[in-house]
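Structure first, then comments.
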Amino acid sequence: MTDCRENLMRGKNLLASGALLLGVLALPSAWAIDPATLANAGTGTIAACASCHGKDGGGQASFPRLAGMNATYLLKQLGDFDSGARSNAVMQPIAKALSPEDRVAITSYYAEMPVPAAQTGPAPAPDPDRPGEKLALLGKWNDGIPACVQCHGPGGIGIGDAFPAIAAQPAGYITAQLRAWQAGTRKNDPIELMRHLSAKLSASDIKAVSEWFSRQPATAAGGSR
Ligand code: HEC
Ligand code: HEC
């Protein structure tokens with residue numbers, strides 16, 4: 001009986017020290033700039049993310065959708081802008097100005113934001129002869145180009161932390177990324193997967209595939225990620 005109570009006490013102490021440890025670990029995030037403020041109002045030195053990425057986080061033109069994207073992937077991208085592995089005159093200074101805690105807070109904030117309804121509207125009826133759709137779903141094996149969906153998931157909804165969603169991204173943004181890999185200004189892809197592939201794409205391939213993915217829903221039919 002005494003043993004039992006001692007164990008119980010020990011358990012309680014363990015729990016208490018566990019809670020303390022968690023408290024300490026959780027502390028840095030308390031110092032992050034409030035993500036909603038950063039997103040919508042910015043700070044004295046950092047522009048509001050919403051001013052380019054949209055109030056609803058849905059993106060536009062060459063500004064990517066952040067809403068509903070994988071948090072770990074977005075965090076990696078901020079690190080890549082900071083290191084210069086991904087070069088962009090607008091995002092590099094912004095990424096540098098964010099502390100590690102700010103980056104974690106703002107990427108989780110956007111990952112949890114629902115994808116705007118307009119972007120998830122009905123996709124065009126399937127047409128296996130449409131060039132963008134063919135490339136996305138089947139690739140071009142004669143040219144050594146695998147299907148985009150092999151890595152980016154069905155309809156481009158993304159797989160895990162490493163393979164981002166490209167569905168419901170603005171076509172201008174997708175095009176800009178494929179061109180950046182061709183030009184070598186973006187060189188942050190693991191084992192150069194995207195650099196090898198982009199080098200084989202023609203201008204019309206890029207246009208067609210970008211348009212097709214921009215009109216795909218961000219989540220699998222009837223499901224959520
Ligand atoms: C002045 C416009 C502008 C502002 C303000 C801005 N961004 Fe961006 N952001 C861009 C552009 C343009 C890109 C695409 C860069 C490229 O082509 O590589 C981008 C890309 C990104 C990406 C990469 C997304 C992906 O899918 O790879 C992240 C993450 C990001 N921005 C986060 C933020 C956050 C967080 C803020 C606010 C603190 C912010 N941005 C403010 C213009 C902006
Ligand atoms: C062999 C795997 C693979 C295939 C096939 C592939 N991708 Fe990717 N793609 C990746 C990986 C990995 C990344 C993430 C790179 C990084 O970490 O920055 C990526 C990133 C991207 C991005 C940038 C997304 C963002 O928001 O940062 C775009 C756009 C893209 N791919 C388009 C395509 C298109 C279009 C195709 C088909 C023509 C394709 N990909 C085929 C692996 C692949």
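What you see is a predicted model; the values in this text were computed from it and never measured. Start at 1 and go down the list; that is how both ligands and their atoms are numbered. Computed over heavy atoms, backbone and side chain alike; hydrogens, waters and symmetry mates excluded.
- Side-chain contact check for Lys55 versus Asn40: some heavy-atom pair is nearer than 4.5 Å.
- Remark: Ser51 OG to Phe63 CZ distance equals 8.0 Å, nearest 0.5 Å.
- When atom types are taken as modelled, the side chain of Gln216 and the backbone of Gly155 share no donor-acceptor pair closer than 3.5 angstrom.
- Every atom of ligand 2 is numbered from 1 in the order shown, and the set under 4.0 Å from a heavy atom of Gln77 is 16 (C), 17 (O), 18 (O).
- Grouping the Ile, Leu, Val, Met, Phe, Trp and Tyr side chains by contacts below 4.5 angstrom, directly or via other members, places Val104 apart from Leu66.
- Residue Thr185 holds its OG1 atom at 8.0 Å from CD of Gln177, rounded to the nearest 0.5 Å.
- Across Pro64 and Pro170, no two heavy atoms sit closer than the pair CA-CD, 4.4 Å.
- Listed by atom number, the atoms of ligand 2 under 4.0 Å from Arg186 heavy atoms are 16 (C), 18 (O), 23 (C), 25 (C), 27 (O).
- In this structure, the separation between CG on Asp80 and OG on Ser87 is 11.0 Å, given to the nearest 0.5 Å.
- Listed by number with element, the atoms of ligand 1 under 4.0 Å from a non-hydrogen atom of Ile106 are 35 (C).
- In the vicinity of Ser51, heavy-atom distances shorter than 4.0 Å reach the ligand 1 atoms 5 (C).
- Between Pro164 and Ala162 the shortest heavy-atom distance is CD-O, 3.3 Å.
- Residue-ligand proximity, Ala147 to ligand 2, at heavy-atom distances under 4.0 Å covers atoms 5 (C).
- Near Ala47, the atoms of ligand 1 lying under 4.0 angstrom from a non-hydrogen atom of the residue are 5 (C).
- For atom 8 (Fe) of ligand 2, protein N, O or S atoms closer than 2.8 Å were enumerated as His152 NE2, Met194 SD, with waters left out.
- For the pair Asn188 and ligand 2, the shortest N or O to N or O distance falls below 3.5 Å.
- Listed by number with element, the atoms of ligand 2 under 4.0 Å from a non-hydrogen atom of Trp181 are 20 (C), 21 (C), 22 (C), 23 (C), 28 (C).
- If you count the protein N, O or S atoms nearer to atom 8 (Fe) of ligand 1 than 2.8 Å, you get 2.
- Under a 3.5 Å cut-off, the side chain of Lys96 and the backbone N or O of Asp82 do form a donor-acceptor pair.
- With respect to Arg215 and Glu211, no salt bridge is recorded, no charged nitrogen being found less than 4.0 Å from a carboxylate O.
- Residue Val209 approaches ligand 2 through these ligand atoms, each under 4.0 Å from one of its heavy atoms: 35 (C).
- Of the N and O atoms on the side chains of Arg103 and Gln77, not one donor lies less than 3.5 Å from an acceptor on the other residue.
- For the pair Tyr173 and ligand 1, the shortest N or O to N or O distance falls below 3.5 Å.
- Rounded to the nearest 0.5 Å, atoms CZ (Phe213) and CD1 (Ile157) are 11.0 Å apart.
- The single protein non-hydrogen atom nearest to atom 17 (O) of ligand 2 is Lys76 NZ, 2.7 Å, given as residue, atom name and distance.
- Contact atoms of ligand 2 toward Ala162: 12 (C), 14 (C) (distance under 4.0 Å to a heavy atom of the residue).
- In this structure, the protein non-hydrogen atom closest to atom 24 (C) of ligand 2 is Tyr73 OH, 3.7 Å.
- Under the 30°/60° scheme for interplanar angles, the aromatic rings of Phe163 and His152 are found to stand perpendicular.
- Using a cut-off of 4.0 Å between Lys/Arg side-chain N and Asp/Glu carboxylate O, Asp143 and Lys200 are scored as not salt-bridged.
- Judged as a salt bridge (charged side-chain N to carboxylate O under 4.0 Å, His left out), the pairs with a partner in residues 128-142 (not counting sequence neighbours) are, in order, Arg130-Glu133, Lys140-Asp205.
- The protein non-hydrogen atom at the shortest distance from atom 5 (C) of ligand 1 is Ala48 O, 3.5 Å.
- At least one heavy atom of Phe81 sits less than 4.0 Å from an atom of ligand 1.
- The heavy atom nearest to atom 27 (O) of ligand 1, considering only Arg103, Arg86, Met69, Gln92, is found in Arg86.
- On a distance-only criterion, Gln177 and ligand 2 share no N/O pair closer than 3.5 Å.
- The ligand atoms of ligand 2 that sit less than 4.0 angstrom from a heavy atom of Pro146 are 5 (C).
- Minimum interatomic distance between His196 and Ile191 (heavy atoms only, all atoms of both residues): CD2-O, 4.2 Å.
- Taking Arg186 as the reference, nothing meets the salt bridge (Lys or Arg N to Asp or Glu O under 4.0 Å) condition, with sequence neighbours excluded.
- Applying the 6.0 Å contact sphere to NZ of Lys187 captures more than 12 heavy atoms from other residues, nucleotides or ligands.
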